[in-house]
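One structure is given here, and the rest of the page talks about it.
What's counted below: heavy atoms across the whole structure, side chains too, no hydrogens, waters or symmetry copies. The shown structure was predicted, so the numbers you read here are calculated from the model rather than taken from an experiment. Each chain gets a letter, A, B and so on, in the order the sequences are listed, and its residues count up from 1.
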Amino acid sequence: MSSLVAEADQPGNQAATGTATAADTATATVTICGFVDTIRRHSKVVFIVLRDETGAVQVVASPRPDEPYADQLDQLTVGSAVTVQGELVKNQIVKLGGVEIQMSGMVVDSFSEAQWPITDETSLDKRLDWRFLDLRKPENLLIFRAQTAVEEAFRELWAAEGFIEIHSPKLMASASETGSELFRLEYFDGYAYLAQSPQFYKQMAMAAGFGKVFEIGPVFRANPSFTSRHDTEFTSVDVEISWIDSHEDVMRVEEKMLQRALGVVKERYGHLVEEVFGTSITVPELPFPRVTHAQARKIVEDSGYRLPRTDGDLDPEAERRLSSHIADETGHGFVFVTDYPATLRPFYHMRHEEDPELTRSYDLLWNGLEITTGAQREHRYSVLRDQALAHGVKEDEVSYYLDFFRFGCPPHGGFGLGLTRILMILLARTNVREVTYLYRGPNRLLP
RNA sequence: GGACCUGUGGUGCAGCUCGGAGUGCACGCCGGCCUGUCAAGCCGGAGGUCGCGGGUUCAAAUCCCGUCAGGUCCGCCA
């Protein structure tokens, strides 16, 4: 059985090639499976467009009641899952790939209800209620093809550079960072918490001598954040590497990963992304621009924007202005903002030797959106312990973590990257919900 | 958590200021016509507790109060 389908609206697809070539010289009997995309009924001929994940093809049928498939055809509805047999013939009149299948038999594997609850015009929230129907649209498939390519590119690079993949637990006894955004759940006679980050466990891998690790996995944030770029569960791309000199080494790994991933997506789907989402993918040059947090503040203030926050950090508007400025100056969509004040960072970020008020840390902005936080970590036990206590962290809750640094630990650092935020910018979508397979937010646990 | 916005047939909207019979548009659905469409076309039809509750009024989708649901931005963050 073949799922070969001609492809007119997805020019990057290769499935059509073999089919059309075979039809050049002779017709071929084929069996294809797919969803009914459209039905156009005329008095003497019926056109059906079938679609599967490889593309779409037109099927021609006769509405005559003596056809073996007459009853099935009569009841056929858009969305139904069908298996069709017929002759594949080349026909230049057909706009969909120049080929069609002249139906000789059909089995409706599963009928669809005729009236769908969503259309192309339906609001995102309602489409998310019927995510499995929404995902049948080719443009949504493209999102997940792009996601697959991004992860594949990352993994290729990691494999080539000797990274170890880890799968850290998502059930934890206590907070890894602030504790304020943790989901608590019953755990036998007590409570457990869902991991908001693999932070401590990937650092443990450094103490374990793994050298370089990565993890692509879920993280949970109990923030009631009602924005287009937040969710309560999302996929985080985490990296941690040993024997670094500074956070600069971490940034070099990350920019290389992103350059590679964007290159792969552009090569594989660039034309399709441009056609479907109207955005062209720019493969960024190395190195990415870097500005310190203090420089970033000055740039934003010089643009005439008064920072609204009292703690001195950049608010979203400031981040957009900074990105815009960097893009104007350098043509680059990415910018590393480095050397954040210690007051804005978690206790485990290493501070500068010469200026302990500043950390060896960075955020990465892409088109004005924060997609990463990274840093060199404090690996010296007594310094780390002092910084934890100064931050008001309860020692008994992090003692297991502090233990990692009591028996020798290399200088190390890493970052966490929001996978859906990358896809959102990459594909010029306005909402992480669109690029998340099944979005989870304060108001959504279904489907 | 704060500010603002939106709830009207299956879907997307208009109607709301200035109250007057559930009025209208597009898509979808059902039926009919039509040898080739490809955003098919033409004709007909069904489908509604105007989110919910209360108030004002002779009369409320429309004005007022409350409530519920959702969205956008901010805060928080990736």
Side-chain angles (χ1 to χ4, degrees), chain A residues 6 8-9 37-49 56-64 74-75 77-79 89 91-100 102 112-130 133-134 177-181 196-199 218-238 254 308-311 313-320 344-346 362-366 369-374 415-425 430-433 436 441-444:
Chain A
D9 53 351
D37 206 55
T38 60
I39 306 171
R40 292 186 284 268
R41 298 178 191 275
H42 300 249
S43 61
K44 299 288 167 42
V45 64
V46 178
F47 300 101
I48 300 162
V49 176
V57 70
Q58 174 167 289
V59 176
V60 198
S62 163
R64 286 164 47 131
D74 196 49
Q75 299 167 44
T77 48
V78 170
V89 298
N91 186 343
Q92 288 300 335
I93 295 171
V94 180
K95 293 180 181 176
L96 188 60
V99 296
E100 64 186 5
Q102 293 173 349
S112 168
E113 293 182 21
Q115 182 79 64
W116 274 33
I118 60 167
T119 71
D120 287 345
E121 276 73 46
T122 305
S123 66
L124 178 61
D125 194 55
K126 199 168 289 186
R127 282 188 280 126
L128 293 183
D129 288 338
W130 297 93
L133 296 178
D134 196 42
E177 300 188 26
T178 62
S180 61
E181 52 183 25
Q196 77 206 97
S197 157
Q199 182 61 39
V219 296
F220 304 89
R221 306 282 166 94
N223 281 328
S225 297
F226 301 97
T227 78
S228 58
R229 61 188 186 281
H230 288 90
D231 25 30
T232 51
E233 174 179 353
F234 65 93
T235 303
S236 179
V237 178
D238 274 272
E254 180 167 15
R309 292 178 51 148
T310 53
D311 61 4
D313 203 359
L314 306 172
D315 69 320
E317 173 62 16
E319 291 179 336
R320 287 189 286 268
L344 298 174
R345 293 307 219 191
Y362 71 91
D363 275 8
L364 176 60
L365 308 184
W366 185 13
L369 181 70
E370 186 179 330
I371 61 171
T372 282
T373 294
F415 62 87
L417 181 56
L419 183 61
T420 40
R421 286 194 176 180
I422 297 175
L423 286 164
M424 176 175 153
I425 302 296
T430 57
N431 202 310
V432 291
R433 298 166 204 197
T436 304
N443 294 320
R444 184 171 287 280

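Phosphate contact (OP1/OP2 of B:C34, side-chain N/O of A:H42, threshold under 4.0 Å): absent. Taking 4.0 angstrom as the limit, A:R433 places a side-chain polar atom (N or O) nearer than this to OP1 or OP2 of B:U72. Side-chain nitrogen and oxygen atoms of A:S43 include none within less than 4.0 Å of the OP1 or OP2 phosphate oxygen of B:C33. Between A:R221 and B:C77, a side-chain N or O to OP1/OP2 separation shorter than 4.0 Å is absent.
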Task: Verdict with supporting geometry, A:S236 and A:D238, side chain to side chain donor-acceptor pair (under 3.5 Å) - done: CA-CA 6 Å; A:S236 179; A:D238 274 272; 2.6 Å; yes

TODO: Kindly indicate, with the supporting measurements, whether the criterion side chain to side chain contact (heavy atoms under 4.5 Å, CB included) is fulfilled by A:T420 and A:D231.
DONE: CA-CA 10 Å; A:T420 40; A:D231 25 30; 4.2 Å; yes

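Between B:A78, B:C76, B:C38, one nucleotide has an atom nearer to the side chain of A:E181 than all others, and that is B:C76. Listed nucleotides: B:A78, B:G36, B:C74. Nearest to the side chain of A:T373: B:A78. Checking B:G71, B:G1, B:U35 against every side-chain atom of A:D125, the shortest atom distance belongs to B:G71. Of the listed nucleotides (B:C38, B:U72, B:G70), B:G70 has the atom at the smallest distance from the side chain of A:N443. Listed nucleotides: B:G70, B:C73, B:C77. Nearest to the side chain of A:S228: B:C73. Of the candidates B:C76, B:A78, B:C38, B:C76 carries the atom nearest the A:T227 side chain, counting heavy atoms from C-beta on.
Summarising the base pairing, B:C33 is matched to B:G41 through a Watson-Crick or G-U wobble pair whose two defining distances lie under 3.5 Å. With both pairing distances under 3.5 Å, B:G75 is matched to nothing as a Watson-Crick or G-U wobble pair. Across every strand in view, B:C50 sits unpaired, with no contact that passes the Watson-Crick or G-U test at under 3.5 angstrom.
On the C1' atoms, B:C65 is 28 Å away from B:U23, given to the nearest whole Å. Nucleotides B:A40 and B:C30 are separated by 15 Å at their P atoms, to the nearest Å. Distance noted for atom C1' between B:C5 and B:G9: 24 Å (whole Å). Rounded to the nearest Å, the gap between the C1' atom of B:G53 and that of B:A60 is 15 Å. One C1' atom belongs to B:U8, the other to B:U49, and the distance between them is 12 Å to the nearest Å. Comparing the C1' positions of B:G15 and B:U62 gives an interatomic distance of 9 Å, to the nearest angstrom. Of the P atoms belonging to B:G41 and B:G20, the separation is 36 Å, rounded to the nearest Å.
At a threshold of 4.0 angstrom between heavy atoms, the contacts of A:R345 with the nucleic acid are absent. Residue contacts shown for A:N431 are limited to sugar-phosphate atoms, with no base heavy atom under 4.0 Å away. Counting any heavy atom pair closer than 4.0 Å across all strands shown, A:V94 reaches a base atom. In this structure, A:L417 reaches neither bases nor backbone, as no heavy-atom distance under 4.0 Å exists between it and the strands shown. Nucleic acid contact class of A:S225 (heavy atoms, under 4.0 Å, all strands): base. The residue A:E100 sits close to a base: some heavy atom pair falls under 4.0 Å.
Applying the ring pair (Phe, Tyr, Trp, His ring centres under 6.0 Å) test to A:F220 and every residue at least two apart in sequence or in another chain returns nothing. In this structure, the side-chain contact (heavy atoms from CB on, under 4.5 Å) partners of A:T122, at least two apart in sequence or on a different chain, are A:I118, A:T119, A:K126, A:R127. Residues that satisfy the side-chain contact (heavy atoms from CB on, under 4.5 Å) test with A:R309, not counting sequence neighbours, are A:D311, A:D313, A:D315. Residues forming a side-chain contact (heavy atoms from CB on, under 4.5 Å) with A:D37 (at least two apart in sequence, or on another chain): A:V49, A:R51. Legend: residues meeting ring pair (Phe, Tyr, Trp, His ring centres under 6.0 Å) with A:W366, ordered by chain and number and at least two apart, are A:F334.
Atom OG1 in A:T430 sits 12.5 Å away from atom CZ in A:R229 (nearest 0.5 Å).
Positionally, the nearest nucleotide of RNA chain B for A:V78 lies more toward the 5' end than for the other of A:V78 and A:V45. Checking A:T430 against A:F234, the closest nucleotide of RNA chain B that is more toward the 5' end is the one next to A:T430.
As rounded to whole Å, 11 Å separates atom P of B:G31 from atom CD1 of A:I39. At whole-Å resolution of the value, CZ in A:F226 and C1' in B:U72 are 12 Å apart.
Minimum heavy-atom separation, A:P198 to A:V219: CD-CG1, 3.9 Å.
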TODO: Heavy atoms under 4.0 Å is the rule here; annotate nucleotides 7-13 of chain B 5' to 3' with B where the base is hit, S where only the sugar-phosphate is, and - elsewhere.
DONE: ---BSS-

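Donor-acceptor pairing under 3.5 Å, judged by distance alone, is absent between the side chain of A:R41 and the base of B:C33.
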